[in-house]
Every structure is written in structure tokens, then in C-alpha cells.
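Taking it in order: structure first as C-alpha cells, then the write-up.
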Amino acid sequence: MLERSVFKLQKRIYRASKSGDRKRVHRLQTLLLNSKSAKLLAVRRVTQINKGKKTAGVDGVKSLVPTQRIRLAETLKLDEKSTPIRRIWIPKPEKTEKRPLGIPIMADRARQALAKLALEPEFEAKFEPNSYGFRPARSCHDAMEAIFNTIHQKNAYVLDADIKGCFDNIDHSKLLKKLNTFPKLRRVIRRWLKSGIMEGDVFQKTKAGTPQGGVISPLLANIALGGLEYETKKALGEELFVYAKGKQSKIGRKDARNQLSIIRYCDDFVIIHESLELIEKAKEFVQQWLRQMGLELSETKTRIRHTLKSIDGGEIGFKFLGFWVRQYHDKCRKRGYITLIKPSPEHGRFIKFFKYFIYEKRWLNNFARFC
């Protein structure tokens, strides 16, 4: 019942944003922020549904009992007060590096969840179609499907890009300008961004970035990177048209732009095209575009690959979201190659163990049925 009433308001916000009626969007967002259903749902998500529900912030509060949840929902409101986040370091999988994780207190998490309920439908109407990370009803498998649909009928060059410290380096002023929301919500979000970090007993000011671990952080990162696909295609539109015109006599400018594919999963993205020259120009433009948000590409993790052949003795294909994407020569195929997407080597042994476990469990269940 709560989800149904909140979803109805979110649909109205989405439609108003789609039609460009900003006044109506802000009015409906204010209505949702004051809704009792939205407050109850926000508290339920951070205290019962989310994986970090038993992780404490700087105040040590975690695992709320039902009476505490009800009290939190009744007193929940967006104000400009904010508590510093608690920073912990978690190891990255298969690496010696560690990732900084910022954990707000439970009350701030509930406020962020409430703000996310209001902001998400507005920007879902604006986000690009090939953005898949941390969005409702989208997953990494949808991104892999988009990559397969792009390359299974052609071999192409790929810019496998990674943004260096995306969550830690986003420019606050540029982000708030891009957010473009009403003053009260803007002040609240600015306060969250500037709340500071507590690492042990040491307090640090936050000058840039959104803390990984905050409920609203993935949405803010998507907003910061929104427009990357559209702006890149717009900047390279004429060159894409000239290249496509040389290969096909009848092609429109819109179809020529669509031949450059940019598929993004939050701060990881790939740019795919048949021309190496256009891939390099796209890389240059993306670097300039990211500097506007205070970001830059990682030199060690960003590379240009080809789906079918090796470049400068490098590996064939590319790794994206834990999958290895490449093409193999196959004389039995009409095009002379086949496209395969497999788990990357560091994830392969877990996949094999999982398959073995499922097989053994199924065999034991069938054996027990006949005994």
C-alpha cells in the first residue's frame, strides 16, 4: 500500500519532468517529501531492506526495533542539519588496494532515502538510454546485452574507460548546478556533501565528492555524469556523418551518430566504433568534458582495445563489469567470427564452484526422492 501511493506520485513527477514542466515537478516533489507513506517507506528501506542496515554511523546506532522505526518516521523531515559520516576502508576484490566507504548515521540515511524517492523519477526522465548503473529495473546484464547487440554484427575498436576516483572527486558546485532543484532541497543536499568525515577520532572537511555508502550517492553520481553520451555524439556528429557517408551512400546524420555507442554503468563506460581515429577523438573530448566536473580518466585502467585483433601486442577484447568480451575467428560463420561474453578469469573459479554445487545438490535431491 505504501509503495503504491508513493509510486503514483513518482509517476506524476516523471510525466511532469518528461513534459518539461519544472514548476509542477517541484510542487509534486514537495508533496512527496511531506507524504507519510514516503517517510515510512524511506525508513523501512534503510532499516530493514538495505544491506547496510546493521552498519552504524558515528553515533553507533544500528538495528532499530519497531518502536524506534515508527518514531524515526514520525519525526523525519528534511532540515539543514547533518552529521559527519564514518569512514571505513574495505578491500577491493582480487586487489591489494582498499576502497573508502562513508557511512552516514541512520537518521541521515532515512533523509537521503526520502530525497531519493523525490529526485529519482525527475532524472529518470532525463537520463540517457545506455546508462545502466544504479537505476531502477536495470542491471549489469542489461549493459552486457547492449554491448552484445552493438558488436555481434561488426568488429570494432573499444575505449575501455574508467574514471579515477569518481565518487571522491566530483565538484560540488558543478553538481548542485546540474541538479537544478528548488532551494530547500538544494541546501539540504549541499549540507550532506559538506558534512565532513570522521576517521577514528580525526575529523576531515569534504571539499569534493559524494561518499560511497550514502543512499543518495549513486543517484548524484549518475546526475553528474548525465549527458556524457549526448554531448560526445553531438561534438563528433559531423565527423561521424562523414565516416558513415564514405561507407554508405544513403544515411542520415542521426543514424551516423548512433553508430558511436557509449554504454555506461555508473563510473565505468565503454565507447565502441569501427574507426580508431574516431575512438581517439572521443577519448579526447571525454577527458575535456570530465574536467568540467572535476574528474579525469584513469591512465592505468583506460585503454583502447579491439574485439577481434590485438593492438600493439595487447589482449584481444576487453573486460567490463566482471565479464570478458571478445570475438573469435570462425570459418563456419557467415561473417567469419563469433562474439562471446564470458566471466572474466578472476571470477571464473567462483562460477565453476557455483555450477558444481548446483549440480551436486540437484543430484542429491533426485537421489533422495527415489530412496
Just by distance, do the side chain of Ser217 and the backbone of Pro211 share a donor-acceptor pair under 3.5 Å? yes
To the nearest 0.5 Å, what is the distance between NZ on Lys283 and CG on Leu278? 15.0 Å
Looking at Glu274 and Lys247, is there a salt bridge between them, counting it only when a charged N and a carboxylate O are closer than 4.0 Å? yes
Taking 4.0 angstrom as the limit, do Glu296 and Arg291 come out as a salt bridge? no
Asn222 vs Phe123, side-chain contact (heavy atoms from CB on, under 4.5 Å): CA-CA, chis, key distance, verdict: CA-CA 9 Å; Asn222 272 332; Phe123 287 95; over 6 Å; no
Determine yes or no for a side-chain-to-main-chain donor-acceptor pair under 3.5 angstrom, with Arg187 supplying the side chain and Phe182 the backbone. no
Indicate if Leu220 and Trp289 have the same hydrophobic cluster label, given that clusters are the connected sets of ILVMFWY residues with side-chain heavy-atom separations under 4.5 angstrom. yes
Going hydrophobic residue to hydrophobic residue with side-chain gaps under 4.5 angstrom, can you get from Leu290 over to Tyr265? no
On a heavy-atom basis, the closest approach of Arg45 and Leu117 is NH1-CD2, 3.3 Å
Sequence neighbours left out, cut at 3.5 Å: what donor-acceptor pairs do the side chains of residues 64-71 make with other protein atoms?
from, atom 1, to, atom 2, distance (Å)
Gln68, OE1, Val65, N, 3.0
Arg69, NE, Leu64, O, 3.1
Arg69, NH2, Leu64, O, 3.0

From CA spacing to verdict: side-chain contact (heavy atoms from CB on, under 4.5 Å), Gln29, Leu119: CA-CA 7 Å; Gln29 284 175 335; Leu119 284 172; 4.0 Å; yes
So Val158 and Ile304, side-chain contact (heavy atoms from CB on, under 4.5 Å) or not? Walk me through it. CA-CA 6 Å; Val158 180; Ile304 296 177; over 6 Å; no
Closest heavy-atom pair, Glu120 versus Pro136, reported as atoms and distance to 0.1 Å, is OE2-CD, 3.6 Å
What are the two closest heavy atoms between Ala42 and Leu114, and how far apart are they? CB-N, 3.7 Å
Would Arg135 and Glu124 pass as an ion pair if we require N to O under 4.0 Å? yes
Compute whether any side-chain donor of one residue and acceptor of the other, for Arg264 and Ser131, lie under 3.5 angstrom apart. yes
Hits for side chain to side chain donor-acceptor pair (under 3.5 Å) against Glu3, two or more places apart or cross-chain, chain-then-number order -> none
Do any N or O atoms from the side chain of Asn180 and from the backbone of Leu176 form a donor-acceptor pair under 3.5 angstrom? no
Looking at every heavy atom in both Leu321 and Cys140, which two are closest together, and how far apart are they? CD1-CB, 3.6 Å
Do Leu33 and Leu40 belong to the same hydrophobic cluster, where Ile, Leu, Val, Met, Phe, Trp and Tyr are linked whenever their side-chain heavy atoms lie under 4.5 Å apart, directly or via other members? no
Side-chain heavy atoms under 4.5 angstrom apart, residues restricted to Ile, Leu, Val, Met, Phe, Trp, Tyr: same cluster for Leu219 and Leu9? no
Trp192 and side chain to side chain contact (heavy atoms under 4.5 Å, CB included): which partner among Asp108, Val215, Thr210? Asp108
Does this structure show an ion pair linking Glu199 with Arg86, if we count only N-O contacts that are shorter than 4.0 Å? no
Just wondering, more than 12 heavy atoms not from Lys154 lying within 6.0 Å of its NZ? yes
So if you build clusters from Ile, Leu, Val, Met, Phe, Trp, Tyr with side-chain heavy-atom gaps below 4.5 Å, do Ile271 and Tyr157 land together? yes
Note: Ile103 and Arg109 closest approach over all heavy atoms is CG2-NH2, 3.9 Å
Ionic contact status for Asp21 with Arg24, cut-off 4.0 Å: no
Of the options Asp168, Leu225, Asp171, which is the one that meets Leu295 in a side chain to side chain contact (heavy atoms under 4.5 Å, CB included)? Leu225
What are the two closest non-hydrogen atoms of Asp162 and Asp268, and how far apart are they? OD1-OD1, 2.6 Å
